[in-house]
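These numbers were taken from a predicted model, which means no experiment stands behind them.
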Amino acid sequence: ISVTVQRELLKPELFGSASTKEAYIRVPGLPHPFEKVNSEISFSHTRAMINNAKAQFAGGTINLEGQFEIMGVRDILTNIRASVQGVKLNIPDHILTQGNADLTITGNWFPFTLSGSYHVMGGLIDKEFGDETIENTTKQSIYLPKQLIEASFQPLLLDIQVIMQKNLRMKNSQIDGYLTGALHINGSPSKPSLRGDIKTVPGTKILFRDKIFNIQTGDIQFNSPNEINPDLFVNAQSRVKNYDITLL
């Protein structure tokens with residue numbers, strides 16, 4: 001980095017440039033680090049331009065461009081665009097997806113918002129239904145030291161539309177098959193919420209009382225902002241001995 005700082009301390013003007021080579025960055029709450037970060041940044045007055053930035057992330061690549069502008073204390077106007085190719089994500093845990101994304105990072109201060117669309121080209125969901133742990137509802141005292149209150153600091157919040165361009169495999173102790181649909185991921189990377197509607201693909205099977213049923217229609221709705229525990233609406237059929245059984 002080679003930068004000249006001028007004018008006011010709380011709203012400085014910067015002139016110069018900075019670069020990174022083979023850098024490693026880990027964001028709290030995000031299971032995948034940014035690796036081999038190579039970037040070039042130029043500073044002019046209160047604005048910094050990201051001219052060329054590339055990184056490896058979750059088995060894929062990220063290309064960044066954009067700018068941020070120092071408006072004042074805790075006021076950094078940020079607008080960064082990212083093109084993501086060939087990533088393999090494990091977000092949330094036990095929800096493995098692979099695909100491409102077009103994202104933006106915007107905001108004026110932490111936490112910044114990571115928004116955009118993620119086009120899923122495949123993957124596997126092996127998460128069991130209803131295995132979320134109960135949230136701790138204890139509230140922090142306002143008299144705690146500032147360092148402890150900020151211990152759960154999150155630099156990023158998610159606001160991402162997930163579009164399944166290809167069917168997504170789902171296999172756990174209750175269901176085995178493929179899904180299609182769209183989801184909205186919102187909140188912190190360490191504890192995101194899912195909202196949206198997913199449907200089963202013909203051929204998907206569900207296990208009920210040790211009997212396998214073929215799903216005729218299946219709808220999985222993620223409605224809760226507090227936990228990943230979807231509502232299931234299923235119409236399935238099975239042949240048991242000499243009986244045709246319909247499961248609703």
Side-chain angles (χ1 to χ4, degrees), residues 1-93 96-121 147 150-162 185 187-192:
I1 182 169
S2 177
V3 175
T4 299
V5 183
Q6 299 179 353
R7 300 192 64 175
E8 302 175 20
L9 178 63
L10 299 182
K11 191 177 181 181
E13 289 189 352
L14 307 177
F15 298 90
S17 63
S19 65
T20 62
K21 184 177 180 180
E22 302 291 317
Y24 178 95
I25 302 172
R26 177 174 289 278
V27 177
L30 197 62
H32 307 286
F34 297 89
E35 302 177 277
K36 296 185 178 181
V37 181
N38 296 289
S39 65
E40 296 177 1
I41 303 172
S42 59
F43 299 92
S44 179
H45 298 281
T46 60
R47 184 173 299 177
M49 302 290 297
I50 300 175
N51 303 315
N52 184 24
K54 298 180 179 179
Q56 295 183 2
F57 178 75
T61 60
I62 296 180
N63 290 276
L64 293 173
E65 62 177 9
Q67 66 180 32
F68 53 90
E69 186 170 0
I70 302 174
M71 310 298 292
V73 178
R74 290 178 175 260
D75 189 5
I76 302 177
L77 184 60
T78 302
N79 189 342
I80 300 174
R81 298 170 297 280
S83 175
V84 184
Q85 301 292 323
V87 293
K88 298 178 181 179
L89 300 178
N90 182 27
I91 303 174
D93 194 27
L96 309 173
T97 60
Q98 60 188 49
N100 309 315
D102 293 305
L103 306 172
T104 59
I105 301 175
T106 57
N108 289 69
W109 192 249
F110 299 106
F112 292 97
T113 299
L114 178 64
S115 60
S117 59
Y118 175 40
H119 299 270
V120 177
M121 308 303 292
Q147 292 85 350
E150 294 181 348
S152 60
F153 165 75
Q154 293 284 355
L156 283 177
L157 293 179
L158 304 178
D159 184 14
I160 299 175
Q161 294 288 340
V162 179
I185 302 179
S188 68
S190 61
K191 186 68 176 179

At their closest point, which heavy atom of S42 faces which heavy atom of N51, and how far apart are they? OG-ND2, 3.3 Å
Which distance, rounded to the nearest 0.5 Å, do you find between the OG1 of T104 and the CD1 of I160? 9.0 Å
Between V3 and S17, what is the shortest heavy-atom contact and its length? CG2-O, 3.9 Å
Is the backbone N or O of K88 less than 3.5 Å from a side-chain atom of N90, with the two atoms forming a donor-acceptor pair by type? no
Check T97 against Y118 and note the closest heavy-atom contact, atom names and distance. OG1-OH, 3.0 Å
Reported OG-to-CG distance for the pair S83 and D102, which is rounded to 0.5 angstrom: 5.5 Å
Which heavy-atom pair separates I185 from P192 by the least distance, and what is that distance? CG2-CB, 3.9 Å
Is there a side-chain contact (heavy atoms from CB on, under 4.5 Å) between D75 and W109? Walk through the geometry before answering. CA-CA 6 Å; D75 189 5; W109 192 249; over 6 Å; no
Nearest 0.5 Å, please: how far is CE in M49 from CZ in F68? 10.5 Å
Assess whether side chain to side chain donor-acceptor pair (under 3.5 Å) is satisfied between T20 and S39, documenting all intermediate values. CA-CA 5 Å; T20 62; S39 65; 2.7 Å; yes
Check the pair L14 / H45 against side-chain contact (heavy atoms from CB on, under 4.5 Å), numbers first and verdict last. CA-CA 5 Å; L14 307 177; H45 298 281; over 6 Å; no
Distance-only donor-acceptor hits, side chain of residues 54-64, under 3.5 Å, sequence neighbours excluded:
none

On a heavy-atom basis, which atom in P155 and which in V27 lie closest, and how many Å separate them? CG-CG1, 3.4 Å
Just verifying a value: how many Å separate I50 CD1 and I80 CD1, rounded to the nearest 0.5 Å? 3.5 Å
Under the criterion side-chain contact (heavy atoms from CB on, under 4.5 Å), I'd like the reasoning laid out for S115 against L103: C-alpha separation, chi angles, the key distance, then a yes or no. CA-CA 6 Å; S115 60; L103 306 172; over 6 Å; no
Verify side chain to side chain donor-acceptor pair (under 3.5 Å) between Q161 and S117, making sure each step is shown before the conclusion. CA-CA 5 Å; Q161 294 288 340; S117 59; over 6 Å; no
Distance, nearest 0.5 Å, that separates CD of E22 from CG of N38: 5.0 Å
State whether the number of non-hydrogen atoms from other residues, nucleotides or ligands found under 6.0 Å of L9 atom CG is greater than 12. no
Out of curiosity, N79 CG to Q67 CD, how far, rounded to the nearest 0.5 Å? 7.0 Å
So which of L157, I105, T106 actually passes side-chain contact (heavy atoms from CB on, under 4.5 Å) with F112? I105
Would you name the heavy atoms of F15 and S44 that are closest together and state the gap between them? CD2-CA, 4.4 Å
So does R26 have more than 12 non-hydrogen atoms from other groups sitting under 6.0 Å from CZ? yes
Student check: side-chain heavy atoms of T46 and E13 closer than 4.5 Å: yes
